[in-house]
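Structure record follows, encoded as structure tokens.
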Amino acid sequence: MAVQTAAGNATTASPDLGPAAALSCRECGERFELGPLFACASCFGPLEVAYDLPTGSPEELRKRIEAGPDNIWRYAPLLPVPADVAEKPNINPGFTKLVKADNLARELGVTGGLYVKDDSGNPTHSFKDRVVAIAVEAARAFGFTTLSCSSTGNLAGAVGAAAARAGLRSCVFIPHDLEQGKVVMAAVYGGELVGIEGNYDDVNRFCSELIGDPLGEGWGFVNVNLRPYYGEGSKTLAYEICEQLGWRLPDQIVIPIASGSQLTKIDKGLQELIKLGLVEDKPYKIFGAQAEGCSPVSAAFKAGHDVVRPQKPNTIAKSLAIGNPADGPYVLDIARRTGGAVEDVTDEQVVDAIKLLARTEGIFGETAGGVTLGVTKKLIEAGVIDRTLTTVVVNTGDGLKTLDAVSATSQATATIKPSLDAFRAAGLGTA
Ligand SMILES: *Cc1c(COP(=O)(O)O)cnc(C)c1O
């Protein structure tokens with residue numbers, strides 16, 4: 001927006017994104033004005049949002065947050081969004097349940113407190129609503145009228161819903177062979193949905209080309225040219241977990257990895273809470289979870305490498321099937337720096353873990369949730385995750401979107417005529 005100054009010179013007003021001050025390069029630290037940029041002009045490193053964070057007492061800030069709405073906008077002072085964000089049409093995700101999972105803890109022998117952060121409770125039933133809600137505000141600030149993304153499924157649905165609510169056009173891209181639940185959830189909100197014949201990495205490459213072409217002009221790709229803003233949405237998982245634990249850091253957190261953005265931004269959120277004095281400064285460990293059929297970060301972690309070698313995904317955990325994860329090296333760094341680890345599990349272990357969570361806690365997670373709990377179980381049994389410490393497992397999506405994973409082994413116990421004799425004959429009932 002052009003603004004006339006008193007001297008009559010036209011200047012460009014910086015967009016109102018609240019406490020966001022600039023974009024800064026994660027590699028060389030160079031700063032850039034807020035805009036739809038994602039790579040450093042000097043070294044091509046990824047950009048992230050830098051803030052003027054609130055000053056004043058932690059007590060005051062805590063009170064201000066607690067008095068805020070029951071969604072991610074309670075943390076608006078720590079996010080790249082305008083102060084009046086809660087009054088704008090958005091999907092308002094967040095403040096999902098942190099479930100104390102005592103039955104699961106008993107089964108796994110965890111004594112230090114085991115929690116499931118259940119993000120299936122978001123508006124489109126995955127954690128992606130958090131990142132999209134922030135990207136919508138950036139899109140508005142930069143004047144984009146079409147919202148787009150490359151997606152492994154959940155993101156497409158979240159973008160479709162958020163665009164519908166915000167009155168924006170949407171056109172989203174997915175691999176053509178996703179689960180029916182993901183496809184329907186992406187299409188039902190009325191935007192354009194394009195299946196690409198290829199895997200996620202092909203979809204992503206296509207979108208990068210589209211951004212540089214007149215066909216994609218004026219489009220906000222939430223996870224490409226709006227990626228620095230999008231990523232910040234994942235910080236709210238860290239904020240909520242700590243607030244829900246009574247403004248305490250957990251000792252151990254287990255997080256699934258697709259591109260690795262969520263894991264790196266949860267770490268960023270925890271660091272901010274420490275810096276602001278909202279939680280006590282103490283060590284915590286971050287663990288990353290992948291499926292064996294798409295485990296480039298886990299493989300690099302185990303081999304002691306700093307770089308991630310791309311893989312061709314083949315797993316039922318399609319929401320995590322990114323063979324060339326953009327944030328892989330940062331994930332490795334965080335896991336090593338905090339004393340955590342990155343591990344993977346087989347598809348069979350994913351299915352077992354989905355059913356374990358369902359039968360112990362009444363939570364039906366999607367395959368990504370199965371990956372995360374499967375890895376948690378594996379690392380507990382290996383003595384890598386400490387049973388005596390407070391542990392949070394993030395369930396990032398809803399099992400209703402990935403029914404095929406468990407449908408073969410989750411069927412009616414019996415199908416009978418409506419008679420007591422038939423019920424008895426099937427060996428059911430008390431007597
Ligand atoms: C996208 C996604 C993730 C992880 O995403 P990152 O790219 O690593 O941020 C985890 N779980 C589910 C269900 C997802 O859809």
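Computation of the quantities below employed the complete heavy-atom set of this structure, encompassing side-chain atoms and omitting hydrogens, waters and symmetry-equivalent molecules. Indexing begins at 1, ligand by ligand and atom by atom, following the structure's order. What you are looking at is a predicted structure, and each value in this text was computed from that prediction instead of being measured.
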* Asked: Gly260 and Asp327: which non-hydrogen atoms are nearest, and at how many Å?
  -> C-CB, 3.6 Å
* To do: Could you tell me whether Thr396 approaches ligand 1 through its side chain, its backbone, both or neither, with non-hydrogen atoms closer than 4.0 Å?
  => both
* **pair Val350-Lys355: side-chain heavy atoms closer than 4.5 Å** => no
* Asked: Do the ring planes of Tyr75 and Phe95 sit parallel (below 30°), tilted (30 to 60°) or perpendicular (above 60°)?
  -> tilted
* Structure fact -> Note: Leu320, heavy atoms under 4.0 Å from ligand 1, region reported as side chain
* Structure fact -> Here the atoms of ligand 1 under 4.0 Å from any heavy atom belonging to Ser319 are 13 (C), 15 (O)
* Shortest protein contact, atom 7 (O) of ligand 1 (heavy atom only) -> Ser259 OG, 2.6 Å
* Would you please test Lys378 and Glu343 for salt bridge (charged side-chain N to carboxylate O under 4.0 Å, His left out) and show each step? => CA-CA 8 Å; Lys378 187 169 173 181; Glu343 186 52 273; 3.4 Å; yes
* Sub-3.5 Å N/O-N/O distance, Thr152 and ligand 1 -> no
* Asked: Counting distance only, does the side-chain N/O of Asp251 pair as donor-acceptor with the main-chain N or O of Leu389 below 3.5 Å?
  -> no
* How far is atom 14 (C) of ligand 1 from its nearest protein heavy atom, and which residue and atom name does that atom have? -> Lys128 NZ, 2.9 Å
* **Element-labelled atoms of ligand 1 that are located less than 4.0 Å from some non-hydrogen atom of Gly260** => 6 (P), 7 (O), 8 (O)
* Hey, which atoms in ligand 1 end up nearer than 4.0 Å to a heavy atom of Pro256? -> 10 (C)
* Spatial distance of atom OG1 (Thr360) from atom CG (Leu108) [nearest 0.5 Å] -> 7.5 Å
* Atom indices of ligand 1, in the order listed, that fall short of 4.0 Å to a heavy atom of Ser261 -> 6 (P), 8 (O), 9 (O)
* Structure fact -> The protein heavy atom nearest to atom 9 (O) of ligand 1 is Gln262 N, 2.8 Å
* With atoms numbered from 1 as shown, which atoms in ligand 1 lie under 4.0 angstrom from a non-hydrogen atom of Ala258? -> 4 (C), 5 (O), 6 (P), 7 (O), 8 (O)
* Distance in Å, Thr372 OG1 paired with Ile253 CD1, rounded so as to fall on 0.5 Å steps -> 12.0 Å
* **Sub-4.5 Å side-chain heavy-atom contact between Leu270 and Leu249** => yes
